[in-house]
Amino acid sequence: GSWYGSWACCFTYGIWFGVEGLVKCGEPLDSPCIVDACKFLLKHQRPNGGWGEDFTSCYDKDYAKEGMKAYGDDGSGIINTAWALLALSMAKC
């Protein structure tokens, strides 16, 4: 349900680029790749509505669900939330 993004933190970033690329290349929105990516994002949405992961996702290669807890707003970060919303809106989830 996700793609590893090594230039930023990490899965949320990778999903945004993956979904956008697939949609712009004509992949149907009901494609299993896009549906699974949306499910992954929605599964990791924080109780306050945002998303948050930090650099530990990159070296652990696992979603750091509590990664932004010390830095973000109740565990959510503006950048991670923006990436997730960009992917979800591109996929029309």
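No hydrogens, no waters, no symmetry mates; every other heavy atom, side chains included, goes into these values. From a predicted model like this one, the values you see are computed outputs, not experimental measurements.
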Nearest-0.5 Å distance that lies between atom CD in Gln45 and atom CG in Asn80: 12.5 Å
Does Lys39 have any side-chain contact (heavy atoms from CB on, under 4.5 Å) partners at least two apart in sequence or in another chain, and if so, which? Val35, Asp36
Would you please name every residue forming a side-chain contact (heavy atoms from CB on, under 4.5 Å) with Ile79, sequence neighbours left out? Trp83
The side-chain contact (heavy atoms from CB on, under 4.5 Å) partners of Ala64 (sequence neighbours excluded) come to Asp54, Thr56, Ser57
Ala87 and Leu41: which non-hydrogen atoms are nearest, and at how many Å? CB-CD1, 3.7 Å
Side-chain heavy-atom pair Tyr63, Trp51 within 4.5 angstrom cut-off: yes
Side chain to side chain donor-acceptor pair (under 3.5 Å) involving Asn48 - partner list, sequence neighbours excluded: Ser76
Could you give the side-chain donor-acceptor pairs of residues 18-32 under 3.5 Å, partners two or more places apart or in another chain?
from: Glu20; atom 1: OE1; to: Trp16; atom 2: NE1; distance (Å): 3.1
from: Glu20; atom 1: OE2; to: Lys24; atom 2: NZ; distance (Å): 3.2
from: Glu27; atom 1: OE2; to: Ser31; atom 2: OG; distance (Å): 2.7
from: Ser31; atom 1: OG; to: Cys33; atom 2: N; distance (Å): 3.3

When rounded to the nearest 0.5 angstrom, what distance separates OG1 in Thr81 from CG in Leu86? 11.0 Å
Can you name the side-chain contact (heavy atoms from CB on, under 4.5 Å) partners of Ile78, sequence neighbours left out? none
